[in-house]
Number of protein chains: 2
Amino acid sequence: MKPTLQTVADAVGVSRSTVSNAYSRPDQLSPALREKIHEAARRLGYPGPDPTARSLRRGRVGAIGVLFTSALSYAFTDPYAVQFLRGIAETAERHGSGLLLVPLSESEEEAGIQAVRNAAVDGFCVYCVPAWHGALDVTRSRGLPTVAAERPAEVGPETMYVGIDEVAAARTVGGHLARLGHRRVAVVSDFLVAQRRTGPVSVADPAEIRYDVTRERLRGFAEGLAEGGVGWSDLLLCNAGTNSRAEGARAAEYALDRVDRPTAVLAVTDLLALGVLDALAARGLRPGRDVSVTGFDDIPEATAAGLTTIRQPAVEKGAIAGRLLLEPPEDPAARQVLLPTDLVVRASTGPVERK
Amino acid sequence: MKPTLQTVADAVGVSRSTVSNAYSRPDQLSPALREKIHEAARRLGYPGPDPTARSLRRGRVGAIGVLFTSALSYAFTDPYAVQFLRGIAETAERHGSGLLLVPLSESEEEAGIQAVRNAAVDGFCVYCVPAWHGALDVTRSRGLPTVAAERPAEVGPETMYVGIDEVAAARTVGGHLARLGHRRVAVVSDFLVAQRRTGPVSVADPAEIRYDVTRERLRGFAEGLAEGGVGWSDLLLCNAGTNSRAEGARAAEYALDRVDRPTAVLAVTDLLALGVLDALAARGLRPGRDVSVTGFDDIPEATAAGLTTIRQPAVEKGAIAGRLLLEPPEDPAARQVLLPTDLVVRASTGPVERK
DNA sequence: TTGAAAGCGTTACCAT
DNA sequence: ATGGTAACGCTTTCAA
């Protein structure tokens, strides 16, 4: 029989409350008694209050749930995701909280939803989960504090998020390329269409794109490029099945192998952009000379690759998400955080070569 | 007031048990009633049984805890760790269990220990936590099934672990280099000394190394190299502050910039070895010709880098760890698993150039 | 400083 | 097929 609070209380000859206090509010009893209790606990092999029972009573668990799409396997392949997670882990660590990973596989949506239902956590962080995912209904109905890792399309006064101004950031990319003279432009992005296939797609209007971040970034690209007279319908859209380097390369092929090859390829993430650079290399094309390439996020690898990109503070973003959950600010306005971004120009972009 | 089982029961006019059954044992009641209950739950905004209360009652939480050293920040940057995590996640997922990451910060040990105390889990997986960490006392006293991700120094009949024969594997690396004629040899490793600093260190005897895995691997390196007459004291030891590519490069500098530059550098992980290769590249040295380099783990990146290394089945290791926790074998012997390893020889090692 | 009593929201068991 | 009752192990008033 496993020892409980009661066991210890009986052994010492005090009440449960006193033993409980010995653990949770040491200042509430005499040092002598406290020591006596701890000694008895050691002797009896009592490991301290049961976490589950304590959580039930206190109404606090000491863990936060992180929701992300895709298998865990892929979750960590994106350095940006890793950095974000690291930020949130650091905050959790300071609070003595754990991180409950909740993968939402696409193939088994119901399993993911169940996982969210059963998650014993004090709050949720929603990382890159499309707005239409059923799991979000559950997080809502559970009524726990929830923070999104990007600005949601619909923001109520209660909504917590930490994000960036996607449109504005993307606009600087578009503008940069427009000023360099680029007029034939391709975009490599995941989530352009509902299906997870890699290849060229046509989208009549950015508003049709369901996934928030993708939509906003593409909007921004278009707005910036408009400076050079490039319209939405001029863009060559290449969908990537997943946000991965390999699919970035595959998607880019459709643009690079055309006779009227684009002079610039805008990727919606750095990971995809690295793939685009791979595709360039495979064709002997020089980034920034033959074809300009841009990314988004500024992951560590971007520096070595000389990738022009948008820098956003990923670790800090995670840290803030954690803080929003663990130390919610009084002021509602402070619960909606927009982080600054910078356009980092490196060698992967350059002026269009005059013929 | 948040709705509970009772709320729903009252609304429908049935007992709590029935509502509970509607969720946990749907076959125990008529489809009609079940639907009626679910409908009422939806209407009242009842999110389903409270996970904490359910855990308390059932005596099972549905989550396993993974203990990480402060490296959590770094944990995700090591592809080997990611693969291991993936393996354990796959098993957990099959069992409908979650993965609770418990970060153990080095700076705030007490916070980590608290986190372990409070972790609502059914078992622990201890990943790369040094044997002297206080959190391990807690896992022990909690009496939950615990599996180590490597063979611990002290193994009782109860101890569960899944590891490899570190010494034997490392010995094959040492022997390989010895036979290639290498006599001036450096080792790049983390945890050689207690402090987290990067640079050359001296360690009188491998037994002094406190961190198990490091100690065993170095022992193996030395045993293998002894074939060529290289003794422990001949080794040039370079400590890396963290297990990361960057620190691997920094640590290697101390070896590569010497006048009597070593002809071989043995790294204790692939991540460090990639760093060593970076340092070589920065100096225009050719791996396998000017300097031989070896790693350990065989992460995916090792292939492209042409790194000679020890392959160990990382995903499988994680999967087995998960299985040990979630479906403990009857036979105690089966709870201690040693996985096979292979020496994978690639281009980063070669014979010493004759002068 | 210590103790008694009242739950926290479930589920398991045994009746009906 | 459904309901009543008793835990699960703890914390938290409140009173002594």
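Letters go in sequence order (proteins before strands), and every chain restarts at 1. Only a predicted model underlies this, so the values are computations on that prediction, with no experimental measurement involved.
As judged by a 4.0 angstrom heavy-atom cut-off over every strand, B:Ser17 is placed among the base-contacting residues. Here B:Gln6 lies out of heavy-atom contact (under 4.0 Å) with every strand. Residue B:Ser24 is in sugar-phosphate contact alone, with no base atom involved, counting any heavy-atom pair closer than 4.0 Å across all strands shown. In this structure, B:Tyr23 reaches neither bases nor backbone, as no heavy-atom distance under 4.0 Å exists between it and the strands shown.
The backbone N or O of B:Thr18 sits nowhere less than 3.5 Å from a side-chain atom of B:Gln28 that would complete a donor-acceptor pair. B:Arg142 places a side-chain N or O within donor-acceptor distance of the main-chain N or O of B:Arg117, the cut-off being under 3.5 Å. The main-chain N or O of A:Asn21 is never found under 3.5 Å from a side-chain atom of A:Ser24 such that the two would form a donor-acceptor pair. Under a 3.5 Å cut-off, the side chain of B:Glu109 and the backbone N or O of B:Gly134 do form a donor-acceptor pair. Without hydrogens or angle criteria, B:Glu108 side chain to A:Arg94 main chain gives no donor-acceptor distance under 3.5 Å. Checked by atom type and distance alone, the side chain of A:Thr69 pairs as donor or acceptor with a backbone atom of A:Cys128 at under 3.5 Å. Checking side-chain atoms of A:Asp122 against main-chain N and O of A:Gly62 turns up a donor-acceptor pair under 3.5 Å.
Residue B:Val14 places its side chain closer to D:dG3 than to any other of D:dT5, D:dC10, D:dG3. Listed nucleotides D:dA7, D:dT2, D:dC10 differ in distance to A:Pro49; the shortest reach to its side chain belongs to D:dC10.
When DNA chain C is scanned in the 5' to 3' direction for atoms under 4.0 Å from non-hydrogen atoms of chain A, the outermost contacting nucleotides are C:dT2 to C:dG9.
Atom CZ of A:Arg54 is separated from atom P of D:dT12 by 9 Å (rounded to the nearest Å). Atom CZ in B:Arg58 sits about 13 Å away from atom C1' in D:dC8, given to the nearest Å. Between B:Leu5 atom CG and D:dG4 atom P the separation is 14 Å, expressed in whole Å. In this structure, the CZ atom of A:Arg16 is 14 Å from the C1' atom of D:dT13, given to the nearest Å. Going from atom CZ of B:Arg34 over to atom C1' of D:dA1 covers 12 Å, rounded to whole Å. Rounded to an integer number of Å, the gap from CG of B:Leu33 to C1' of D:dT2 is 8 Å. Between B:Asn118 atom CG and D:dC10 atom P the separation is 12 Å, expressed in whole Å. Following rounding to the nearest Å, A:Arg60 (CZ) and D:dT12 (P) show an atom-to-atom distance of 12 Å.
End-to-end axis angle for the helix from C:dT1-D:dA16 to C:dT16-D:dA1, using five pairs per end and rounding to 10°, comes out at 30°.
A cation-pi contact, defined as under 6.0 Å to the ring centre and within 45° of the axis, is absent between B:Arg34 and B:Tyr23. At least one cation-pi condition fails for A:Arg335 and A:Tyr161: the charged atom is not both under 6.0 angstrom from the six-membered ring centre and inside a 45 degree cone around its axis.
Within the 4.0 Å cut-off from OP1 or OP2 of D:dG3, at least one side-chain nitrogen or oxygen of B:Ser15 is found. Listed pair B:Ser30 / D:dA1 fails the phosphate criterion, with no side-chain N or O lying under 4.0 Å from OP1 or OP2.
The nearest heavy atom of DNA chain D to B:Leu29 and to B:Leu56 marks one nucleotide each, and the one closer to the 5' end goes with B:Leu29.
The aromatic rings of A:Phe84 and A:Tyr127 sit tilted relative to each other, their planes meeting at an angle between 30° and 60°.
Distance check: B:Arg151 CZ to B:Asp212 CG gives 10.5 Å after rounding to the nearest 0.5 Å.
Taking 4.5 Å as the limit, some side-chain heavy atom of B:Leu56 sits within range of a side-chain heavy atom of A:Thr52.
DNA chain C lies under 4.0 Å from no heavy atom of any residue of residues 137-146 of chain A.
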